Number of protein chains: 2
Amino acid sequence: MSIQERRERERAQREKMIITAARELAEAEGWEAVTTRRLAERVEYSQPVLYSHFKGKDAIMTAVALEGFADLAAELRAARTAAPDAARALARISAAYVAFAERRPALYDAMFSQKVDLPFAAPEAPAALHAGFDELAQAVGPHADGADPGLLTEAFWAALHGLVTLTRGGRLPRGQHDRRLALLLACFTREPADSGHPL
Amino acid sequence: MSIQERRERERAQREKMIITAARELAEAEGWEAVTTRRLAERVEYSQPVLYSHFKGKDAIMTAVALEGFADLAAELRAARTAAPDAARALARISAAYVAFAERRPALYDAMFSQKVDLPFAAPEAPAALHAGFDELAQAVGPHADGADPGLLTEAFWAALHGLVTLTRGGRLPRGQHDRRLALLLACFTREPADSGHPL
DNA sequence: TCCGCGTTGCTAGCAGTGCTAGGGACAAGA
DNA sequence: TCTTGTCCCTAGCACTGCTAGCAACGCGGA
């Protein structure tokens, strides 16, 4: 059975190569540049091989997004645990979220903008997705003040997402990005708007 | 010169037909179903005619988006002026914004999600865009409480946009949509989270 | 009324897309 | 050595956005 195992191992390795190639290509030139032909060329196999691993191009994007969830969760976790106190955790984690979206826009798109076939707000959602949301929830929770913490976290996440996507789409000028984020934080933490949040 | 004028009139009419057809097709089946061939068939002209009016498909989407800005601005204005007092204006206008996005998702996408070539946060931005933003600003302004009203409006808009897009993309369950919106409003108006906002 | 000419919109085609059918080569087992 | 089965590649389909080049129409002048 060793031959079988080696084959499966090689197959899994190749699948990983495809996902990595798709992510790199997307991050370098955007998702519209990721075609099955270029992808196949990059992994040095023919097109149909891709379809023996994934149902279609969308499934490849989904796989890339799944990797991204784990990355984001890790970065959020690092930001939150590095915060000196709970009060500043939200500011830190928000900054980390925005930075992630800014640094890896194509990956962020696959995760949160593009149409992918994943169960999101459900128990069967990917573990990394839950992990990322939980990080946010832990930072938002202390400011709930009677409101449903889960819903408040969702609302805060939505606000961050809106800020990120509108800025990236050219709808909001990049100039005052930090001040908008600070305002958002002030609203959710119910602090005075002008009390700069030291990170 | 009357012949010339008639021609230009007919040409403008046809251009409007193209835009309308594109919008209707997008609203009925989504933007991925809007192909130049189907569009041409719908306006009963051949494909190349489209290119004598617009530089490309993107330009058609931009034209559709421009129409949408006017529609949205009108609906926001109606919602704001119908509000019994300034305190409730924000809730009304928010509901109108969300309803617009929900009712005309394809149009909303063209306006705020898809990549279009328009100057947004600039003086030369389309008038309808300014008008819509001003409606929002007028409703947000009273709650600024010392903060920059323009930036606060942008932040609030971003939050609404995030809520809308995450819900539409399946990232947030539709179930508690209203409660999330209410939470958002409570944060921005700095009211207690559980004081339901009567519309 | 007729003719030349410019405009207009058509047919046909290009290069590229996602995806798939079919066959051919290679390796494993008898 | 031969058969069997797996694997992967070549070729092609139907579609996309976009464009070149031609044919026909209608206007302006004679």
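Predicted, not measured: the structure shown is a model, and the values here were computed from it. Residue numbering restarts at 1 for every chain, and letters A, B, ... go by the order of the sequence lines.
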_Qualifying salt bridge (Lys or Arg N to Asp or Glu O under 4.0 Å) pairs, either residue in residues 113-132 of chain B, two or more places apart_ = none

*asked:* In this structure, how many angstroms lie between the C1' atom of dC8(D) and the CZ atom of Phe54(A), rounded?
replied: 17 Å

*asked:* Without decimals, in angstroms, what is the distance between Leu39(B) CG and dG9(C) C1'?
replied: 16 Å

*What is the distance from CE of Met61(B) to P of dC18(D), rounded to the nearest Å?*
11 Å

*Tell me: OH of Tyr45(B) to P of dT8(C), nearest whole Å?*
12 Å

*Between dC18(D) atom P and Ile60(B) atom CD1, what is the distance in whole Å?*
8 Å

*Qualifying salt bridge (Lys or Arg N to Asp or Glu O under 4.0 Å) pairs, either residue in residues 61-81 of chain A, two or more places apart*: Arg23(A)-Glu67(A), Asp71(A)-Arg104(A), Glu75(A)-Arg103(A), Arg77(A)-Glu135(A), Arg80(A)-Glu135(A)

*Restricting to pairs with a member in residues 154-168 of chain B, which pass salt bridge (Lys or Arg N to Asp or Glu O under 4.0 Å), not counting sequence neighbours?*
Arg180(A)-Glu154(B), Asp109(B)-Arg168(B)

_Rounded distance [0.5 Å steps], CG in Leu76(B) versus OG in Ser94(B)_ = 9.0 Å

*Interatomic distance, Glu41(A) CD vs dT10(D) C1' [rounded to whole Å]*: 16 Å

*Can you list, by residue number, the residues of residues 15-28 of chain A that have a non-hydrogen atom closer than 4.0 angstrom to DNA chain D?*
none

*To the nearest Å, how far apart are Arg11(B) CZ and dT8(C) C1'?*
9 Å

*Centres of the Phe133(B) and Phe69(B) rings: under 6.0 Å?*
no

*Protein proximity profile, nucleotides 12-21 of chain C - base contact B, sugar-phosphate-only contact S, no contact -, cut-off 4.0 Å on heavy atoms*: -B---BBBBB

*Ring center gap for Tyr45(B) and His53(B) short of 6.0 angstrom*: no

*asked:* I'd like to know whether CD of Glu41(B) has more than 12 heavy-atom contacts from other residues, nucleotides or ligands below 6.0 angstrom.
replied: no

*Sequence neighbours left out, what passes salt bridge (Lys or Arg N to Asp or Glu O under 4.0 Å) with Glu10(B)? Give chain and number order.*
Arg6(B)

*Has Arg14(B) got a side-chain N or O lying under 4.0 Å from the OP1 or OP2 atom of dG9(C)?*
yes

*Any chance the rings of Phe120(B) and Phe112(B) have centres within less than 6.0 Å?*
no

